[in-house]
Each structure stands twice: as structure tokens, then as C-alpha cells.
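Numbered from 1 within each chain, the chains take letters A, B, ... in sequence-line order.
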There are 2 protein chains.
Amino acid sequence: MDVFEAVAEPTRRAVLDLLAGRERSAGELVAAFPALTQPAVSRHLRILRESRLVDVRVDGARRMYSLRPDALAELDRWLDTYRRFWAGRLDRLAGHLDAKTGGGREEDTT
Amino acid sequence: MDVFEAVAEPTRRAVLDLLAGRERSAGELVAAFPALTQPAVSRHLRILRESRLVDVRVDGARRMYSLRPDALAELDRWLDTYRRFWAGRLDRLAGHLDAKTGGGREEDTT
DNA sequence: GCTTAATATACCGTTGCGCTTATATAATCC
DNA sequence: GGATTATATAAGCGCAACGGTATATTAAGC
């Protein structure tokens with residue numbers, strides 16, 4: 001599943017929001033969604049793993065999940081094409097981000 | 001349908017890419033996807049309309065579609081939370097974006 | 001007014017996602 | 001080792017999204 005689809009799911013975005021603060025165990029994440037069962041959350045975690053949005057660290061019987069923003073950077077790069085439409089004057093900032101993630105573009109020749 | 005789901009569909013992203021260059025008629029967009037039928041593309045356009053990602057201008061019998069980036073800005077705001085994870089040294093730039101979207105110093109806030 | 005062109009909607013079939021229950025795997029505790 | 005805890009996978013189901021064919025709607029040309 002690609003990053004766009006992974007992020008399209010509200011529960012998965014909520015998981016990412018939780019992980020933005022600090023790493024959490026699978027159990028903590030399950031507890032954060034009382035409306036869902038443990039397997040349901042576990043499946044979401046799998047999808048986030050497979051789309052490289054989160055990282056897992058084994059800690060005994062626990063799996064500690066943390067954010068892995070590379071994939072989100074991909075989203076950001078995609079948005080870059082459109083950013084000029086609502087923030088033309090911030091183009092050079094976008095250029096900066098690009099230079100960091102992609103190795104440099106020719107766009108900010110201002 | 002929310003913006004995240006709207007953008008999750010590859011065809012719809014391709015439509016946005018086409019519209020990033022210039023506005024196009026529905027017919028042009030249909031022609032751009034030979035693998036799809038006219039109703040299929042029309043349905044995608046409806047979804048893009050309803051999620052406020054595109055604008056329509058009636059021109060006789062034609063409907064001219066154009067990009068409407070407000071909704072993409074929403075995506076960008078969401079990403080802002082995570083931007084620090086891959087561009088920590090660009091925090092102040094993210095701060096800039098924040099000030100633009102949430103600070104209310106601008107005159108064209110919608 | 002009738003025909004053609006441009007676009008949208010209705011309807012239906014298929015498929016994939018997300019959920020639940022049940023079960024497997026692996027680590028910890030006694 | 002057996003029980004318990006933590007997490008993942010399997011199987012099955014319901015629903016919503018996407019695609020196609022057929023049809024409606026609206027504009028243009030004659």
C-alpha cells in the first residue's frame with residue numbers, strides 16, 4: 001500500500017499523531033483506540049510498517065513503534081508541485097526543503 | 001469524501017498534475033486517460049469538485065476545470081506537524097508556514 | 001425543432017479494505 | 001514447564017469505492 005492510501009485512513013493518521021509525541025508500544029496504541037479491537041489496530045500498524053511510515057523496535061515482548069518520516073517527506077515532495085499555488089512567496093522555502101530531501105532542483109534561481 | 005481520500009487515488013492525482021499546468025476541459029481530461037471511459041473520469045472530477053480540490057467554470061457546453069489549492073493547503077498544514085522530523089533544522093521555516101496558516105496576519109485567509 | 005456534441009448521473013458487478021472472532025507465536029513470570 | 005501477557009496472523013463478512021454500460025441533461029449547429 002502506498003503512502004497516500006496509508007495516510008488516507010483516519011485511524012492511521014491518529015496513530016501517526018500519537019507517535020509524533022513519542023514512541024509507543026503496540027499495547028499503548030491499542031489502548032488509545034477503545035472503539036477498535038487489538039487485531040484491528042495491529043493491522044493498521046502493519047500497513048504503517050509496510051509503507052515505511054513507522055519503525056519498530058523490539059523490547060522484550062513489546063514492540064515499540066516510532067515515527068519514520070521519510071515516507072511523509074515523499075508526500076511533502078508531491079505537495080511541492082502545488083505549493084506555489086497557495087504560497088508563491090514561500091517558494092524559496094520549498095526549494096530549501098527540496099534541496100534537503102532530493103539533492104537539489106533548479107527551481108529557486110531567484 | 002475528505003481530501004486525504006481524494007488524493008489517495010492515482011488517477012485523481014494525475015488529474016491534479018494535469019491541472020497544475022493549466023485549466024482543462026472535461027473532455028481534455030477524459031482524453032488524457034485512454035484506459036478509462038468518460039463516465040469514470042467524470043466521476044473522479046466530481047469527487048475532486050466535492051473535496052474542493054478543483055474549480056469548474058462553465059464555457060458553453062464545456063466545463064473548464066482548474067486547480068483550487070486551498071484543500072491541498074490543508075494537507076500541507078497536516079504535514080507541518082511532522083515536518084520537524086525530517087527537517088529539524090528548517091523548523092523556523094515551518095514556523096513561517098504556521099504563522100501564515102494559523103496566525104491570521106494575512107488578509108486572504110479563507 | 002431535430003441532431004450532434006459535451007458532460008453528468010443511474011445502475012450494477014466486482015474487488016479491496018477494514019472490522020471481528022479465533023488462533024498462532026513469542027516473551028515473561030512463577 | 002505451565003500460565004499469562006503482548007502482539008501478530010488467519011478466516012470470514014459487510015460495505016464502500018471504482019469501473020463499465022446505458023441513459024439523462026444541456027448546449028450548439030443547421
Among C:dT9, C:dA8, D:dG20, the one nearest B:Y65 by side-chain distance: C:dA8

For B:R12, side chain to side chain contact (heavy atoms under 4.5 Å, CB included) partners two or more places apart: B:M1, B:A6, B:E9, B:H44, B:I47, B:L48

Whole-Å gap separating C1' (C:dG18) and CG (A:L48): 14 Å

Selection from C:dT20, D:dT9, D:dG20 that lies nearest to any side-chain heavy atom of B:L36: D:dG20

Pairs flagged by ring-ring contact (aromatic ring centres under 6.0 Å, His included) wherever residues 49-79 of chain A is involved - sequence neighbours left out: A:F4-A:W78, A:W78-A:Y82

Sequence neighbours excluded, every pair satisfying salt bridge (charged side-chain N to carboxylate O under 4.0 Å, His left out) that has a member inside residues 25-38 of chain B: B:R22-B:E28

Residues in contact with DNA chain C, drawn from residues 6-32 of chain A - heavy-atom cutoff 4.0 Å: A:E9, A:R12

B:M64 CE - D:dT26 P separation (whole Å): 21 Å

Qualifying side chain to side chain donor-acceptor pair (under 3.5 Å) pairs with a residue from residues 31-42 of chain B, counting only residues at least two apart or across chains: none

Separation of atom CG in B:L45 from atom P in C:dT9, rounded to whole Å: 11 Å

Partner residues of A:R43 under the side chain to side chain donor-acceptor pair (under 3.5 Å) criterion, sequence neighbours left out: none

A:R46 CZ - C:dC17 C1' separation (whole Å): 13 Å

C:dC19 OP1/OP2 closer than 4.0 Å to side-chain N/O of A:R43: no

Sugar-phosphate only, base, or nothing, as touched by B:A40 at under 4.0 Å among non-hydrogen atoms: sugar-phosphate

Side chains of B:D70 and B:R52 in contact at under 4.5 Å (non-hydrogen atoms): no

So which protein nitrogen or oxygen atoms get under 3.5 Å of nucleotides 23-29 of chain C's nitrogens or oxygens?
{"unit_1": "C:dA27", "atom_1": "O3'", "unit_2": "A:A61", "atom_2": "N", "d": "3.4"}

Side-chain N or O of A:H44 closer than 4.0 Å to phosphate OP1/OP2 of C:dC17: no

Under the salt bridge (Lys or Arg N to Asp or Glu O under 4.0 Å) test, residues paired with B:R13 that sit two or more places apart: none

Length of the line joining B:R57:CZ and D:dA27:C1', which is rounded to integer Å: 16 Å

Side-chain N or O of A:T37 closer than 4.0 Å to phosphate OP1/OP2 of C:dC19: no

Side chain to side chain contact (heavy atoms under 4.5 Å, CB included) partners of A:E23, counting only residues at least two apart: A:R57, A:M64, A:S66

Charged N-O contact under 4.0 Å between B:R77 and B:D80: no

